[in-house]
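Reading through the structure tokens given below for one structure.
Values below: all heavy atoms of this structure, side chains included; hydrogens, waters and symmetry mates excluded. In listed order, ligands and their atoms are each counted from 1. Position 1 is the first residue of the sequence, and the numbers go up from there.
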Amino acid sequence: MSSDDKTLRKYDDILEEDNHMPRWWLVILFGSIVFGFGYWLAYHTTDTFPSPPEVYQADVAALKKQRATANPTSEEALTTLAASSEAIAEGQKVYAGTCAACHGANAEGLVGPNLTDKFWIHGASGTAILKAVAEGFPDKGMPAWGPVIGDTKARNVTAYVLSLKGKNLPGKEPQGDPVE
Ligand code: HEC
């Protein structure tokens, strides 16, 4: 058995050397510790670097905005619009001037159905409401408002009607089917 200055030890009758950890291995080990600490400092103690969930949220918001701009009459765009207090306020003005006469001052229903309850004849989605506004139901007593008020006002008043969901104001009796 040749012996240099390395220590030998016996385990299960096998003679093995007890070498130092290789330098590259130690560099990786301590390098990772230093990097990990720096990473923790940067991501958890400062606001300089956004966390992955924040990056994700920002991406989703940007995508929604982009889709809403690309197709302002999509369900997604109308839902987004219905979250904008500005659009709702604009829509409420349109409603007061154009719709209140038939649907009641607070949309509780009059000649036209109650728009605050969960019963809908033609559907409760944003696209269904926009279609109702734009095309009306001429044979049922609601004129088409699209050509009169234009696209922007039609979308804003749709946002306003969407914002009434869940209000359930007492008014005209339920018409149509319940939509949860
Ligand atoms: C001249 C009266 C009149 C006016 C003005 C009017 N509506 Fe209507 N609306 C009706 C009637 C009547 C119905 C029911 C149609 C049916 O029975 O199919 C209706 C139905 C609707 C529906 C579908 C309700 C459901 O249960 O599916 C929506 C949404 C609606 N109107 C929104 C509006 C909005 C918003 C405006 C204003 C831009 C407006 N309406 C103006 C008379 C009117």
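Distances below 4.0 Å separate heavy atoms of G141 from the following atoms of ligand 1: 1 (C), 2 (C), 42 (C). For ligand 1, the atoms lying closer than 4.0 Å to a non-hydrogen atom of P143 are 1 (C).
Protein heavy atom at the shortest distance from atom 17 (O) of ligand 1 is I121 CD1, 3.7 Å. Shortest contact from atom 5 (C) of ligand 1 to any protein heavy atom: T98 O, 3.3 Å. Among protein heavy atoms, atom 12 (C) of ligand 1 sits closest to K140 O, 3.3 Å. Of the protein's non-hydrogen atoms, the one nearest atom 41 (C) of ligand 1 is W145 NE1, 3.3 Å.
Between the side chain of K172 and the backbone N or O of V111 there is at least one donor-acceptor pair closer than 3.5 Å. Checking side-chain atoms of E16 against main-chain N and O of R9 turns up no donor-acceptor pair under 3.5 Å. The backbone N or O of A107 lies less than 3.5 Å from a partner atom in the side chain of Y95, making a donor-acceptor pair.
Side-chain contact annotation: T73 with N71, donor-acceptor N/O pair under 3.5 Å present.
Following chains of ILVMFWY side-chain contacts shorter than 4.5 Å, one cannot reach F35 starting from V27, and the two form parts of different hydrophobic clusters. Both L162 and I149 belong to a common hydrophobic cluster when Ile, Leu, Val, Met, Phe, Trp and Tyr are linked at side-chain heavy-atom distances under 4.5 angstrom.
Residue pairs meeting the side chain to side chain donor-acceptor pair (under 3.5 Å) criterion with at least one partner in residues 108-117, sequence neighbours excluded, are N114-T116.
How far CD1 of I88 is from OG1 of T158: 12.0 Å, rounded to the nearest 0.5 Å.
Not a single heavy atom of G176 sits less than 4.0 Å from an atom of ligand 1.
When hydrophobic residues (I, L, V, M, F, W, Y) are linked wherever their side-chain heavy atoms come within less than 4.5 Å, the members clustered with Y56 are V60.
Taking the salt bridge (Lys or Arg N to Asp or Glu O under 4.0 Å) definition, one finds that K153 meets it with nothing, sequence neighbours left out.
Below 3.5 Å of separation, one finds an N or O of H122 facing an N or O of ligand 1.
Around atom 8 (Fe) of ligand 1, the protein atoms of type N, O or S found under 2.8 Å away are H103 NE2, M142 SD, listed by chain and number.
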